[in-house]
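Before any comments, here is the structure.
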Amino acid sequence: MFKIVTWNVNSIGVRLSRLLAFLDREKPDVLCLQELKCDDAKFPAGEIEAAGYHAAVFGQKTYNGVALLSRLPPENIQRNFGGKDDDPASRFISARYSPPGSEPLTVMCAYCPNGQSLGSEKFAYKMDWFARLRRHFDANYQKSDRIVITGDFNIAPEDRDVWDPVAWKEHIHCSSGERAALAEVVGFGLYDTFRLHHKDAGLFSWWDYRELSFQQNKGLRIDLIYATRPLAGVCVRTQIDRNERKGEKPSDHAPVIAEFKLS
DNA sequence: ATGGTTGGAGCCCAA
């Protein structure tokens, strides 16, 4: 089994003890991290290595920052989309892994822009970022490739991914424009692995820190794991680790887990 | 409820 997890940790410095406990408990093959909020020099490489993990890091001071932690060594590490299309923010990293006895697969880790509010400059940047993501797929991959793209997409794909779809209608993270931009990316040939196994509404990955949102399950499902058909077809289990949102100093996001039976 | 909480920076910004 090959276990891939995505987790927006909201500062790896504050979350390091939780992160190390998570690695020890869940033993993911690849852990995709977003919002490191540290530059490469401050990344806790020693602790990660001591836990038995390789790290491919794309840090940034104060904001953003993504990383791929893995049992296997990362190959062909790519940061952002490359070329003239590139972005000053550290939001995207991918690597290839070669499991013994199986074909290689590419794992991508994305921290998609938040967008702030409809009509803002940040919203326009978000929409453009998703268009660039789709072009990145078209320029570098085929839908028959073995690809998993995970991350904080900052978009709830459907109304069943929103705690109050009426209140959130055409609001940031839920608007028809954002959903269309996400659908363009998914249209490359991606499958939402969580929805292969869970159909219910009320299953979320993010809850605001404020107003006891988690305790009332007022959340959104915005942390997603998509796979191309060859891997979606062997995705045998998915789970949102709600326990990680509990206790002392949780991230506002829970880890999302997907397991693949590779052959 | 245009509120509220968290994190990193540095006396506010982003989420």
Side-chain angles (χ1 to χ4, degrees), chain A residues 6-22 32-45 47 57-67 80 87-93 109-130 133 150-157 161-175 177-179 181-182 204-224 240-256:
Chain A
T6 183
W7 190 13
N8 180 326
V9 288
N10 188 16
S11 169
I12 194 168
V14 171
R15 226 64 65 197
L16 184 58
S17 61
R18 273 185 177 263
L19 173 64
L20 295 172
F22 183 87
C32 307
L33 300 173
Q34 302 91 38
E35 283 207 89
L36 303 177
K37 294 186 173 178
C38 75
D39 56 25
D40 290 1
K42 287 213 172 101
F43 185 83
E47 288 91 335
V57 182
F58 188 23
Q60 181 183 330
K61 192 182 177 187
T62 311
Y63 303 118
N64 310 311
V66 288
N80 278 351
D87 193 301
S90 301
R91 294 187 175 276
F92 186 89
I93 190 169
C109 172
Y111 177 49
C112 308
N114 177 292
Q116 194 173 56
S117 59
L118 269 66
S120 67
E121 276 186 30
K122 286 174 185 171
F123 186 81
Y125 166 67
K126 181 178 194 174
M127 298 294 280
D128 184 59
W129 196 92
F130 274 90
L133 177 58
T150 82
D152 176 359
F153 283 75
N154 267 311
I155 299 173
D161 302 313
V162 182
W163 70 273
D164 186 344
V166 174
W168 282 76
K169 189 177 174 62
E170 296 306 329
H171 278 61
I172 194 68
H173 309 307
C174 304
S175 70
E178 292 165 275
R179 286 174 173 173
L182 176 60
F204 308 129
S205 65
W206 170 84
W207 303 261
D208 201 299
Y209 281 125
R210 298 166 286 191
E211 298 186 318
L212 300 173
S213 299
F214 179 68
Q215 289 82 346
Q216 300 173 79
N217 199 31
K218 294 180 175 178
L220 304 175
R221 192 176 70 93
I222 56 177
D223 299 275
L224 311 171
I240 298 170
D241 185 2
R242 296 180 83 262
N243 282 331
E244 197 52 69
R245 183 64 175 76
K246 302 174 183 174
E248 290 293 305
K249 288 224 169 260
S251 170
D252 46 351
H253 296 254
V256 182

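Order of the sequence lines sets the chain letters (A, B, ...), proteins ahead of strands, with each chain counted from 1.
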Look only at the side chain of [X] and the backbone of [Y], and say whether a donor-acceptor pair between them is shorter than 3.5 Å.
{"X": "S205(A)", "Y": "I222(A)", "value": "yes"}
{"X": "R18(A)", "Y": "K249(A)", "value": "yes"}
{"X": "S120(A)", "Y": "G115(A)", "value": "yes"}
{"X": "R245(A)", "Y": "W207(A)", "value": "yes"}
{"X": "N10(A)", "Y": "S251(A)", "value": "no"}
{"X": "N154(A)", "Y": "C112(A)", "value": "yes"}

When you compare [N] with [M], how far apart are their [atom1] atoms, in angstrom units rounded to a whole number?
{"N": "dT2(B)", "M": "dA15(B)", "atom1": "P", "answer": "22 Å"}
{"N": "dA1(B)", "M": "dC11(B)", "atom1": "P", "answer": "35 Å"}
{"N": "dG3(B)", "M": "dC13(B)", "atom1": "P", "answer": "16 Å"}
{"N": "dA9(B)", "M": "dA14(B)", "atom1": "C1'", "answer": "11 Å"}

In whole Å, I'd like the distance from the [atom1] atom of [X] to the [atom2] atom of [N].
{"X": "L212(A)", "N": "dT5(B)", "atom1": "CG", "atom2": "P", "answer": "9 Å"}
{"X": "F123(A)", "N": "dA15(B)", "atom1": "CZ", "atom2": "P", "answer": "14 Å"}
{"X": "I172(A)", "N": "dT2(B)", "atom1": "CD1", "atom2": "P", "answer": "19 Å"}
{"X": "D223(A)", "N": "dA15(B)", "atom1": "CG", "atom2": "C1'", "answer": "13 Å"}
{"X": "Q116(A)", "N": "dT2(B)", "atom1": "CD", "atom2": "P", "answer": "18 Å"}
{"X": "Q60(A)", "N": "dC13(B)", "atom1": "CD", "atom2": "C1'", "answer": "14 Å"}
{"X": "H171(A)", "N": "dT2(B)", "atom1": "NE2", "atom2": "P", "answer": "12 Å"}
{"X": "Q215(A)", "N": "dT5(B)", "atom1": "CD", "atom2": "P", "answer": "12 Å"}

Exercise. Please step through side chain to side chain donor-acceptor pair (under 3.5 Å) for the pair N114(A) and K126(A), ending with a clear verdict.
Key: CA-CA 7 Å; N114(A) 177 292; K126(A) 181 178 194 174; 5.8 Å; no
Quiz item: By a strict heavy-atom criterion of less than 4.0 Å, which residues belonging to residues 243-252 of chain A are in contact with DNA chain B?
Solution: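 K249(A), in order of number.
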Exercise. Just call it for Y111(A): base, sugar-phosphate, or nothing, with non-hydrogen atoms closer than 4.0 Å on any strand.
Key: sugar-phosphate
Quiz item: Is any side-chain N or O of R15(A) closer than 4.0 Å to OP1 or OP2 of dG7(B)?
Solution: yes
Quiz prompt | Minimum heavy-atom distance between S175(A) and L118(A), given as atom pair plus value | solution =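 Minimum heavy-atom separation between S175(A) and L118(A): CB-CD2, 3.8 Å.
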Quiz item: Do you know the tightest heavy-atom contact between R221(A) and P157(A)?
Solution: O-CD, 3.5 Å
Quiz prompt | Residue mapping more 5' on DNA chain B - nearest nucleotide basis, R210(A) or Y63(A) | solution = R210(A)
Quiz item: Relative to the 5' end of DNA chain B, which residue comes earlier, W206(A) or K37(A), by the nucleotide with the nearest heavy atom?
Solution: K37(A)
Quiz item: For D208(A), which residues count as a salt bridge (Lys or Arg N to Asp or Glu O under 4.0 Å) partner, sequence neighbours excluded?
Solution: R210(A)
Quiz item: Which nucleotide in the set dT6(B), dC13(B), dG4(B) lies at the smallest distance from any side-chain heavy atom of E211(A)?
Solution: dG4(B)
Quiz item: For the side chain of T62(A), counting heavy atoms from C-beta on, which of dA9(B), dA15(B), dA14(B) is nearest?
Solution: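 The listed nucleotide nearest to T62(A)'s side chain is dA9(B).
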Could you go over nucleotides 10-12 of chain B and give all protein N or O partners under 3.5 Å, atom names and distances?
none

